[in-house]
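Comments concern the structure below.
FYI, the numbering just counts along the sequence from 1. Below, each value reflects all heavy atoms present in this structure, side chains not excepted, and no hydrogens, waters or symmetry copies. Just so it is clear, the model here is predicted, and its values are computed rather than measured.
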Amino acid sequence: MSHVVAHTNIEVRYAETDQMGVVHHSNYIIWMEVGRTQLMKDLGFSYAEMEKSGVLAPIIDVHVSYKKPLTYGEEATIQTWIEEYDGFKVVYGYVVLNKDGEIAVSGTTAHVCVKKETFRPVRLSKIFPDWHDAYERAKKKKDH
């Protein structure tokens, strides 16, 4: 397996737009979560199951770059991949494309796994070795 990219389609809903008629910037963070969840499913895992086992993966950093507006009724495609992964921290990469395949938004979110009760960090490689192996295989490879 090499550099897996999940594709998720979303139709822009009226409630997601602002007074200017374009998608409000905060909704892209929600769409990134939708894309991230799809990538996990595509790799054979479930974030809901992770939470049930007492482990959370909070966002510790977010970067978003807005390129082109999306408007009500348009269809957007979210592409999501693992930009970086080291067994402890995972950085997901995203692009949101408009119907013409142009980048509307790009960004990353960084996450670490923590115990639900204590919020103490844990290594994904230790608690979910199968998940770790899949992420190692699916992450974006660095050019040398």
Side-chain angles (χ1 to χ4, degrees), residues 1-13 15-18 20 22-72 74-144:
M1 186 186 324
S2 66
H3 187 197
V4 175
V5 178
H7 294 77
T8 310
N9 294 324
I10 291 187
E11 186 173 332
V12 177
R13 296 165 289 248
E16 294 169 321
T17 62
D18 61 18
M20 296 178 288
V22 299
V23 173
H24 188 267
H25 64 275
S26 63
N27 287 300
Y28 292 106
I29 305 294
I30 296 166
W31 291 1
M32 288 175 177
E33 180 182 318
V34 171
R36 196 166 55 248
T37 301
Q38 185 61 53
L39 176 62
M40 290 176 194
K41 280 184 191 172
D42 288 355
L43 293 174
F45 302 98
S46 164
Y47 186 74
E49 290 301 316
M50 177 190 275
E51 282 193 345
K52 284 180 190 170
S53 75
V55 176
L56 306 173
I59 293 175
I60 59 170
D61 195 26
V62 175
H63 292 274
V64 182
S65 181
Y66 304 96
K67 314 275 188 202
K68 292 181 176 283
L70 290 169
T71 58
Y72 171 62
E74 279 190 83
E75 184 160 295
T77 300
I78 304 151
Q79 294 182 352
T80 310
W81 63 91
I82 300 166
E83 184 69 25
E84 298 172 29
Y85 174 69
D86 64 6
F88 181 67
K89 180 174 86 171
V90 60
V91 177
Y92 296 94
Y94 312 87
V95 291
V96 179
L97 304 171
N98 67 16
K99 66 181 180 328
D100 297 324
E102 300 168 318
I103 296 175
V105 168
S106 62
T108 60
T109 59
H111 306 252
V112 295
C113 289
V114 299
K115 287 284 190 185
K116 190 174 186 174
E117 319 80 59
T118 63
F119 258 70
R120 293 189 72 89
V122 293
R123 285 182 130 350
L124 187 63
S125 56
K126 290 203 187 302
I127 55 172
F128 298 115
D130 292 347
W131 204 316
H132 165 77
D133 291 344
Y135 270 40
E136 280 293 334
R137 288 189 307 273
K139 72 182 178 182
K140 191 173 184 181
K141 307 300 182 229
K142 298 288 181 201
D143 294 330
H144 297 292

Test log, rule side-chain contact (heavy atoms from CB on, under 4.5 Å), inputs Arg36 and Ile59: CA-CA 12 Å; Arg36 196 166 55 248; Ile59 293 175; 4.1 Å; yes
Does Gln38 form a side-chain contact (heavy atoms from CB on, under 4.5 Å) with Ile78? I'd like the steps, not just the answer. CA-CA 10 Å; Gln38 185 61 53; Ile78 304 151; over 6 Å; no
side-chain contact (heavy atoms from CB on, under 4.5 Å) between Leu43 and Trp131: does it pass, once the steps are laid out? CA-CA 8 Å; Leu43 293 174; Trp131 204 316; 5.9 Å; no
Worked verdict on Met50 versus Leu124 for side-chain contact (heavy atoms from CB on, under 4.5 Å): CA-CA 10 Å; Met50 177 190 275; Leu124 187 63; 3.9 Å; yes
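More than 12 heavy atoms of other residues, nucleotides or ligands shown are found within 6.0 angstrom of CZ on Phe88.
When every heavy atom of Asp61 is checked against every heavy atom of His63, the shortest pair comes out as OD2-NE2, 3.0 Å. Counting all heavy atoms, side chain and backbone alike, Lys89 lies closest to Ala110 at CD-CB, 4.3 Å. Heavy atoms only, all atoms of each residue included: Glu16 and Glu11 are closest at OE1-O, 4.0 Å. Residues His132 and Ser125 come closest through the heavy atom pair ND1-CB, 3.3 Å. Of all heavy-atom pairs spanning Gly54 and Glu117, the tightest one is O-OE2, 3.9 Å. Listed here is the closest heavy atom pair of Glu136 and Lys141: O-NZ, 3.1 Å.
In terms of modelled atom types and a separation under 3.5 Å, the side chain of Lys67 and the main chain of Ile103 share no donor-acceptor contact. In this structure a side-chain-to-backbone donor-acceptor pair under 3.5 Å is present from Tyr47 to Ala57. Judged by distance alone, with hydrogens and angles left aside, the side-chain atoms of Lys116 form no donor-acceptor pair with the main-chain N or O of Val114 at under 3.5 Å. In this structure, Asp42 contributes its side chain and Ala6 its backbone to no donor-acceptor pair below 3.5 Å. Listed for the Asp100 side chain is no donor-acceptor partner under 3.5 Å among the backbone atoms of Glu102.
Of the candidates Thr109, Thr80, Thr8, Thr109 is the only one forming a side chain to side chain donor-acceptor pair (under 3.5 Å) with Tyr94. Exactly one of Val5, Val4, Leu39 qualifies for a side-chain contact (heavy atoms from CB on, under 4.5 Å) with Ile82. That residue is Leu39.
At a threshold of 4.5 Å between non-hydrogen side-chain atoms, the residues Met32 and Val64 count as touching. For the pair Arg137 and Asp133, the minimum side-chain heavy-atom distance is below 4.5 Å. A 4.5 Å side-chain heavy-atom check between His111 and Tyr92 finds at least one atom pair inside the cut-off. Proximity of Leu70 to Asn98: side-chain heavy atoms (C-beta onward) are separated by under 4.5 Å at one or more points.
Of the inter-residue distances, the one linking Glu84 atom CD with Thr108 atom OG1 reads 8.0 Å to the nearest 0.5 angstrom. Within the model, atoms NZ of Lys115 and OG of Ser53 stand 7.0 Å from one another, a figure rounded to the nearest 0.5 Å. Atom NE2 of residue His3 and atom NZ of residue Lys140 lie 5.5 Å apart, to the nearest 0.5 angstrom.
For Glu33, there are no side chain to side chain donor-acceptor pair (under 3.5 Å) partners, not counting sequence neighbours.
The aromatic ring centres of Phe45 and Phe128 sit 6.0 Å or more apart.
Ring-plane geometry between Trp31 and Tyr28 is classed as perpendicular, the angle between the planes exceeding 60 degrees on a 0 to 90 degree scale with a lower cut at 30.
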